[in-house]
Amino acid sequence: MAHLSEETTARARELVGLYPHRRSALIPLCHLAQEQDGWLRPEAIEEIAALVGLTPAEVLATATFYDMLHTEPVGTYMISICTNIACMLRGADDLLSHAEESLGVAAGGTTTDGMFTLEEAECVADCGRAPCVQVNHRFFGGLTADSFDTLVEDLRSGRLAADVPPHGTLIRVRRNGGLRVGTSTGEVASSTATEAGEA
Amino acid sequence: MTITEPPRIVTSRLGYEDSHTLERYLATGGYEGLRKALTMTPEQVAAEVDAASLLGRGGAGFPAGRKWSMLRKAPTTYLVVNGDESEPATFKDHMLVERDPHQLVEGVVIAAYALGVAQAFIYLRGEFALGLERVQAALNDAYDHGAVGRGIFGSDFSVDVVVHPGAGAYICGEETALIESLEGKRGFPRIKPPYFPAVIGLYGEPTVVNNVETLSNLPWIVRNGGSAFAALGEGRSAGTRLFALSGHVRNPGVYEIEMVKTTFRDLIYAPVLGAGIPGGRDLKAIIPGGVSAPWFGPEHLDLPLGQDEVAAAGSMLGSGSVVVMDDSTCAVRAAWRVTRFFWRESCGQCTPCREGSGWLEKILRRIEDGAGREDDLDLLMDACDNISPGVAWPPQQTTICVLGPSIPSSIASAIRMFRDEFLLHVKEGGCPHG
Ligand SMILES: Cc1cc2nc3c(=O)[nH]c(=O)nc-3n(C[C@H](O)[C@H](O)[C@H](O)COP(=O)(O)O)c2cc1C
Ligand code: SF4
Ligand code: FES
């Protein structure tokens, strides 16, 4: 039995078809697998490897480079609090301490009910609304301790279900393959192809 | 102070709630630039961009027209859009991809036409979930509208555009790391030479990499002509530019400002822009172009926002972000936080960057925590010197990419400007700011 669902596999094949070389679909496929499972299960990694023509070890070695790809389970909601410079200047450290206390986990941890993973993040490019928080990569700016608690309450009760899709869901719009007008060059051995020139 | 009212080049639709839709875009002149471009030759379009003096908005400020002219001739070439926007305190592309995705798509197709590429990729940082959705939706609509794909608007020009999500790694904003990432690999920057993207880029083919904001200017430039763009601003710094203002200001946000005609003081204090520092506090320091840039002090407030002007004063406009720190800010803590960022995000290929960032972070942390020693200041500068010999500006580079040499910027600035504050931390055994 395949681990990735029929639907996920079909979407994965479509994504692979978007690129001149199938390895390029590696990260998008990891996102898809996370959309299904919440994290990158070993079984999913095996199937991704087959789809992009690599070994599972190669997929894993690539995935671990990227902060958004999780090789261990995470909570239903990934709460990322930015503490980088613009947010630091506007109270992000206090907000993070508050979040740790109110959720009962240190940054990096997951609540025992599996609901929330708390993460200290680098700049999420929303600095005008510091201190900035993302929940499953949806933006919530200008939070205070109180509005943070309200946010957590709303997430818990499901009131924000429409605004914050499940963990791993990046693009709710169908990814259009276009018409493939490009002149695909076939298999290129590696990116170290041609001779050097001056630029 | 005078705030000039420039034409709004990339922010003209922001007043509309539905600025991201095709309907709004078409009702406000959308895709007219592309239609016009298709009546010109690709060379004519490129010439307009060259005449515009459009400097790249991603950080390095390289003229777009010149970059395009360096693309090696080959049967297959690519255009890659850099929407990784991860330089701390930079948040302008975020706005552009969420609020005006069609403008970006139109810019991409215009550039593809001028360059003669048949395949473009828009690489957006994975954290832009809504941005990814909006750009993908815009692209799907643009395909249906005939603005992307085969035989665009009845012409014989065709191009495919693919939106590609990143997955959280600052270094993937560096153009060769971005290309590696787009090939499905770890984001390790490539050695230049030989890997200049214009020569050996994506899949080994010649590739132009341009920033989101750079390309978002193209519809206006083609519609109004390169000389109309060049008439704004001054000298090489033509047109308008987005500035992302954050930190201790009343009105943080993204502002479109005519280059050179506006100063840091205007941006921070003008009532229609930053509106000043809250609580009537004094300005302590400014980080002018992303955290890779050396800091400025109050004495630089009257410096114009122009690329060459800021470079001559010893820093850079970089990614177009300005962080304001008031007099309550701890300089040690600010430098430490920026350094910790670089330490976390170093890709680890080069020893000076990987190890140096870690040591610098530890030393700064112990000073901030009150366990520092007086000779830690020399140690910091020595470690900075090991990463970038001479700790000069622009920095010397001994590493594969410029992330490494960017690390000393904030540390050297903080020590040069606030040496006494570092010493006070050591003497008092803790942070005087509490
Ligand atoms: C460490 C590092 C991070 C970078 N991050 C970005 C980025 O997030 N977005 C961007 O457009 N350029 C970034 N750049 C600059 C790119 O390498 C490249 O110069 C730029 O995308 C070219 O586009 P432009 O000429 O239109 O500015 C970064 C460079 C370095 C060294
Ligand atoms: S300078 Fe740093 S980030 Fe750049 S390639 Fe070297 S180790 Fe990687
Ligand atoms: S510094 Fe926090 S979002 Fe940019």
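So you know, we letter chains A, B, ... as the sequences are listed, proteins then strands, and number each from 1.
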Where the side chain of A:Ser24 meets the backbone of B:Leu182, is there a donor-acceptor pair that is under 3.5 Å apart? yes
What's the spacing between A:Cys123 SG and B:Arg125 CZ if we round to 0.5 Å? 6.5 Å
Just by modelled atom types, is the A:Ala61 backbone N or O under 3.5 Å from a matching donor or acceptor in the B:Arg186 side chain? yes
Atom group of B:Ile171 that falls short of 4.5 Å from chain A, counting heavy atoms: side chain
Using modelled atom types and a 3.5 Å cut-off, is there a donor and acceptor pairing between side-chain atoms of A:His31 and backbone atoms of B:Gly166? yes
Classify the angle between the aromatic ring planes of A:Tyr19 and B:His164 as parallel (below 30°), tilted (30 to 60°) or perpendicular (above 60°). perpendicular
A:Glu120, part contacting chain B, at a heavy-atom distance under 4.5 Å: both
Near A:Asp113 CG, under 6.0 Å, is it more than 12 heavy atoms from other residues, nucleotides or ligands? yes
So, the part of B:Arg333 with a heavy atom under 4.5 Å from chain A: the answer is both
At a heavy-atom distance under 4.5 Å, which candidate from B:Ala167, B:Gly168, B:Gly126 has the highest pair count against chain A? B:Ala167
Donor-acceptor pair, side chain of A:Gln134 and main chain of B:Glu127, under 3.5 angstrom: yes
Starting at CZ of B:Phe128, measure out to CD1 of A:Ile171 and round the result to the nearest 0.5 Å. 13.5 Å
At a 4.5 Å cut-off on heavy atoms, which part of B:Thr329 comes close to chain A: side chain, backbone, both, or neither? side chain
With only heavy atoms counted, which part of B:Val324 is less than 4.5 Å from chain A, the side chain, the backbone, both or neither? backbone
At what distance, to the nearest 0.5 angstrom, does CD of B:Glu183 lie from OG1 of A:Thr62? 11.5 Å
Per-residue contact mode, B:Ile179 against chain A (heavy atom under 4.5 angstrom): neither
Going through the distances and angles, do A:Thr83 and B:Arg340 end up as a side-chain contact (heavy atoms from CB on, under 4.5 Å)? CA-CA 11 Å; A:Thr83 59; B:Arg340 189 170 74 132; 3.7 Å; yes
Part of B:Ala244 lying under 4.5 Å from any heavy atom of chain A: neither
Could you tell me whether a side-chain N or O of A:Arg90 sits under 3.5 Å from a main-chain N or O of B:His248, the two making a donor and an acceptor? no
Between A:Ala121 and chain B, with a heavy-atom cut-off of 4.5 Å, which part of the residue counts as in contact: side chain, backbone, both or neither? backbone
Check the pair A:His21 / B:Tyr203 against side-chain contact (heavy atoms from CB on, under 4.5 Å), numbers first and verdict last. CA-CA 8 Å; A:His21 303 282; B:Tyr203 311 125; 3.1 Å; yes
Could you grab the distance from atom CG of B:Asp160 to atom CG of A:Leu18, nearest 0.5 Å is fine? 9.0 Å
Closest heavy-atom pair and its distance - A:Ala86, B:Ser246: CB-OG, 3.5 Å
Considering all heavy atoms of both residues, which atom of B:Pro88 and which atom of A:Ile85 are nearest to each other, and what is their separation? CB-CG2, 4.4 Å
At a heavy-atom separation under 4.5 Å, does A:Asp93 approach chain B through its side chain, its backbone, both, or neither? side chain
Using heavy-atom distances under 4.5 Å, tell me whether B:Phe121 contacts chain A through its side chain, its backbone, both, or neither. side chain
So what's closer than 4.5 Å to chain A heavy atoms on B:Ser181: side chain, backbone, both or neither? both
Once you round to the nearest 0.5 Å, how far does CD of B:Glu180 lie from CZ of A:Phe65? 9.5 Å
To the nearest 0.5 Å, what is the distance between OH on A:Tyr66 and SG on B:Cys172? 4.0 Å
